[in-house]
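What follows is a single structure, written as structure tokens, with notes after it.
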Amino acid sequence: MVYASSPEASRPRPAGRAIARTSVKIVVAGGFGVGKTTLVEAISEIPPVNTEAWMTQAAANVDPVGAGDGKTTTTVAMDFGRVTLASDLLLYLFGTPGQPRFWPMWDDLCRGASAAIVLVDTRRLDVSFPAVNYFENDSDVPFIVAVNLFDGVQTHQIPQIRAALRLDDGVPLVTFDARDRGSVVRVLTESLGHTLDATAGRAAR
């Protein structure tokens with residue numbers, strides 16, 4: 001695969017020869033404060049669209065965050081970004097709001113999606129249980145689970161995380177840093193590969 005940042009992607013094309021592009025919608029889901037907005041901002045080649053609102057003291061009991069998180073805003077609708085992953089592949093990223101009161105929006109955001117990435121913070125695994133449950137039981141969008149390494153530290157081993165989340169063996173589980181563009185590219189590539197495998201498996205049945 002040729003990425004947009006690679007030399008092959010920047011080579012001039014023969015005159016009059018258009019590139020047929022494939023557009024893919026990917027949903028970035030997970031609990032409150034797991035890094036969805038950060039992921040979209042790290043990879044989007046356009047100014048990302050987000051609906052961040054300042055968190056107030058009055059909302060502290062509604063949208064609690066972990067001690068020391070330093071989170072001052074929250075997504076109240078969705079995040080949106082775009083990235084050209086290859087010369088012929090354009091990805092549209094839709095980040096879901098993590099708060100329970102916004103879960104009814106997930107069906108709409110997942111409509112037409114080819115893949116989904118569920119973000120996990122191992123310091124607060126419980127906030128991502130609903131997202132895993134949603135994609136396992138209420139959606140047919142193929143998904144992977146990505147552990148966001150806050151402070152670059154992996155506090156639990158992959159088998160332990162898989163067991164804690166009760167993930168099916170067929171669901172890929174990877175680690176990454178939502179702040180790092182290259183790391184996000186690897187997660188996006190993993191999610192697309194899983195969708196291709198899942199689609200091929202369904203077609204073979």
Does Leu196 belong to the same Ile/Leu/Val/Met/Phe/Trp/Tyr cluster as Val24, with side-chain heavy atoms less than 4.5 Å apart forming each link?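 Unlinked, Leu196 and Val24 end up in two clusters.
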With a 4.5 Å cut-off on side-chain heavy-atom distances among I, L, V, M, F, W and Y, is there a chain of contacts connecting Phe94 to Ile46? yes
Minimum heavy-atom separation for [X] and [Y], please, with both atom names.
{"X": "Asp168", "Y": "Glu136", "result": "N-OE2, 4.0 Å"}
{"X": "Val141", "Y": "Cys110", "result": "CG2-O, 4.0 Å"}
{"X": "Val120", "Y": "Ser128", "result": "CA-OG, 3.8 Å"}
{"X": "Asn148", "Y": "Ala178", "result": "OD1-N, 3.2 Å"}
{"X": "Ala131", "Y": "Val118", "result": "CB-CG1, 3.8 Å"}
{"X": "Thr96", "Y": "Lys36", "result": "O-CE, 2.7 Å"}

Does [X] use its side chain to pair, donor to acceptor, with the backbone of [Y] at less than 3.5 Å?
{"X": "Lys25", "Y": "Ala115", "value": "no"}
{"X": "Trp106", "Y": "Pro97", "value": "yes"}
{"X": "Glu41", "Y": "Pro48", "value": "no"}
{"X": "Thr195", "Y": "Ser114", "value": "yes"}
{"X": "Asn133", "Y": "Phe129", "value": "no"}

Nearest-0.5 Å distance that lies between atom [atom1] in [X] and atom [atom2] in [Y]:
{"X": "Met78", "Y": "Met105", "atom1": "CE", "atom2": "CE", "value": "7.5 Å"}
{"X": "Leu188", "Y": "Ile43", "atom1": "CG", "atom2": "CD1", "value": "6.0 Å"}
{"X": "Thr22", "Y": "Leu89", "atom1": "OG1", "atom2": "CG", "value": "6.5 Å"}
{"X": "Leu149", "Y": "Asp180", "atom1": "CG", "atom2": "CG", "value": "11.0 Å"}
{"X": "Asp121", "Y": "Arg124", "atom1": "CG", "atom2": "CZ", "value": "5.0 Å"}
{"X": "Leu85", "Y": "Leu91", "atom1": "CG", "atom2": "CG", "value": "5.0 Å"}

The test is side-chain contact (heavy atoms from CB on, under 4.5 Å); show your working for Phe32 and Val127 and say whether it passes. CA-CA 7 Å; Phe32 177 65; Val127 302; 5.5 Å; no
Heavy-atom distance under 4.5 Å between the side chains of [X] and [Y], does that happen here?
{"X": "Val147", "Y": "Gln154", "answer": "no"}
{"X": "Phe176", "Y": "Leu119", "answer": "yes"}
{"X": "Ser23", "Y": "Tyr92", "answer": "yes"}
{"X": "Ser44", "Y": "Leu93", "answer": "no"}
{"X": "Leu167", "Y": "Val145", "answer": "yes"}
{"X": "Phe143", "Y": "Ile117", "answer": "no"}
{"X": "Glu190", "Y": "Val185", "answer": "no"}
{"X": "His194", "Y": "Thr199", "answer": "no"}

Side chain to side chain donor-acceptor pair (under 3.5 Å) between Asp177 and Ser183, worked out: CA-CA 6 Å; Asp177 185 340; Ser183 189; over 6 Å; no
Taking side chain to side chain donor-acceptor pair (under 3.5 Å) as the cut-off, I'd like each qualifying pair that reaches into residues 155-167, sequence neighbours left out, listed once. Thr122-Thr155
With Arg123 as the cation and Phe150 as the aromatic partner, state whether NZ or CZ is under 6.0 Å from the six-membered ring centre and within 45° of the axis. yes
Listed by chain and number, what are the salt bridge (Lys or Arg N to Asp or Glu O under 4.0 Å) partners of Asp108, not counting sequence neighbours? Arg111
